[in-house]
Amino acid sequence: MIFSEICPNFVGFFPIGDSFKQIVLKKIIITIDGYSSCGKSTLAKQLAKKLNYTYIDSGAMYRAITLYFIQNRIDWTSHQAVATALEDVHLDFVPNSLTGISEMYLNNENVEHLIREMIVAEKVSEVAAVKEVRDLAVAQQKKMGARKGIVMDGRDIGTVVFPHAELKIFMTADIAIRVQRRFKELYEKNKNITLEEVKQNLELRDYIDANREISPLRKAEDAIILDNSHLNLDDQLQLVMQWVEDAIMAHSS
Ligand code: DC
């Protein structure tokens, strides 16, 4: 049975043991957490497309806030300065009319490309460790999951944002492979970037994300580990779709 071809809330007869049972397929929440450059967003987008779910890149919110702080010279080591600045930060996800994929808007401006620049990558882990920043982002993320049918990737989605999500995935991959993947991505935009710079940035971000005081990156107890060091995208999707089908079946009635 291929659930990807069946709409959520589809009512059908499914083989259960020796007989068939009528089941309403419920929408679920899928969380994908893990280290930087493991391919979380690629998988999340594929799943959202197959299932007709909404994809939310929670890291984009931390990146957009970081961009705002850099542009407006906000000192993010000062709680007071952060609290005041955040009053003027308005974040939205707006679907791209061509791709259907949600893009990040900061105060009504599309910043989807700007937030991927190295200048933001270098500072985002520091900003994402600030309590006021996390409170704002997490509150908005929780609201987005209210109607289910969502795939959200990040660092604390299965542990803090949606601790009751029906399917939690924790992604990992060898550091050398992650560096290569990120380098290829960044090199397209900037031919001066070096492998060493990318490696240092990834290692530093992983360290800060996993060791910060508030909501550090860690695997939720009930998350399934997905190590994709040696998996191609098709095999990975096939494997995860099986987990999705199992989770949907387990939560449908
Ligand atoms: O997934 P990403 O690389 O775009 O995330 C950017 C940064 O934001 C990353 O260094 C960690 C932080 N982040 C976080 O702290 N919590 C999340 N849920 C998502 C991202």
Side-chain angles (χ1 to χ4, degrees), residues 29-45 48 54-70 76 82 86 89 91 93 101-106 111-145 150-163 165 168-173 175 178-179 181-186 189 197-220 223 226 228:
I29 293 180
I30 302 172
T31 66
I32 305 180
D33 290 303
Y35 296 100
S36 295
S37 298
C38 280
K40 298 187 295 294
S41 66
T42 304
L43 173 64
K45 280 179 203 160
T54 303
Y55 162 58
I56 300 293
D57 168 6
S58 71
M61 300 176 75
Y62 296 100
R63 286 172 179 268
I65 294 170
T66 305
L67 177 68
Y68 182 87
F69 286 180
I70 294 172
W76 54 81
V82 167
L86 287 178
V89 171
L91 303 175
F93 284 100
I101 296 172
S102 299
E103 294 184 342
M104 189 78 247
Y105 279 67
L106 166 64
V111 290
E112 188 58 38
H113 294 292
L114 266 183
I115 59 172
R116 313 286 161 195
E117 297 288 334
M118 201 64 177
I119 182 171
V120 174
E122 277 170 0
K123 300 294 175 201
V124 63
S125 284
E126 282 176 39
V127 172
V130 178
K131 182 181 182 308
E132 289 77 4
V133 169
R134 298 208 74 80
D135 287 350
L136 179 123
V138 169
Q140 195 167 335
Q141 289 156 9
K142 282 180 189 268
K143 274 191 204 152
M144 288 187 277
I150 190 168
V151 187
M152 191 178 289
D153 73 343
R155 304 294 187 286
D156 60 342
I157 311 303
T159 51
V160 174
V161 182
F162 300 122
K168 299 180 186 177
I169 298 169
F170 188 86
M171 282 180 85
T172 180
I175 179 78
R178 292 194 283 129
V179 169
R181 288 178 187 158
R182 188 58 140 210
F183 176 74
K184 250 174 90 181
E185 227 175 83
L186 291 173
K189 292 187 276 181
E197 265 177 287
V198 175
K199 182 166 183 276
Q200 276 178 14
N201 176 253
L202 275 195
E203 285 179 340
L204 182 66
R205 281 208 287 149
D206 283 350
Y207 181 83
I208 299 177
D209 294 342
N211 290 282
R212 67 180 173 225
E213 215 168 290
I214 313 161
S215 314
L217 165 66
R218 64 177 173 80
K219 177 189 156 308
L226 173 63
N228 67 7

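Order of listing sets the numbers, starting from 1, for every ligand and every atom in it.
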Judged on heavy-atom distance to atom 4 (O) of ligand 1, which of Arg205, Met61, Arg63 sits nearest?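 Among Arg205, Met61, Arg63, the closest heavy atom to atom 4 (O) of ligand 1 comes from Arg63.
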
Tell me the nearest of Arg116, Arg182, Arg155 to atom 5 (O) of ligand 1, using heavy-atom distances.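 Considering heavy atoms of Arg116, Arg182, Arg155, the nearest to atom 5 (O) of ligand 1 sits in Arg155.
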
Taking [X] for its side chain and [Y] for its backbone only, find out whether a donor-acceptor pair lies under 3.5 Å.
X: Glu103; Y: Phe93; value: no
X: Arg63; Y: Ile115; value: yes
X: Lys40; Y: Tyr35; value: yes

Could you tell me, atom by atom, which parts of ligand 1 come under 4.0 Å of a heavy atom of [X]?
X: Ala128; value: 12 (C), 15 (O)
X: Asp156; value: 16 (N), 17 (C), 18 (N)
X: Gly59; value: 4 (O), 5 (O), 19 (C), 20 (C)
X: Gly154; value: 17 (C), 18 (N), 19 (C)
X: Arg212; value: 14 (C), 15 (O), 16 (N)
X: Ile157; value: 18 (N)

For the pair Asp33 and Arg155, evaluate salt bridge (Lys or Arg N to Asp or Glu O under 4.0 Å) and give the outcome as yes or no after the intermediate values. CA-CA 5 Å; Asp33 290 303; Arg155 304 294 187 286; over 6 Å; no

When you compare ligand 1 with Ser125, is there at least one nitrogen or oxygen pair between them that comes in under 3.5 angstrom?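 Indeed, backbone or side chain, Ser125 has an N or O that close.
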
Rounded to the nearest 0.5 Å, how far does OG1 of Thr66 lie from NZ of Lys123?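 Reported to 0.5 Å precision, the distance equals 10.5 Å.
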
Looking only at heavy atoms, is any part of Ile208 under 4.0 Å from ligand 1, and if so is it the side chain, the backbone, or both, or is it neither?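 Contact part for Ile208 vs ligand 1: neither.
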
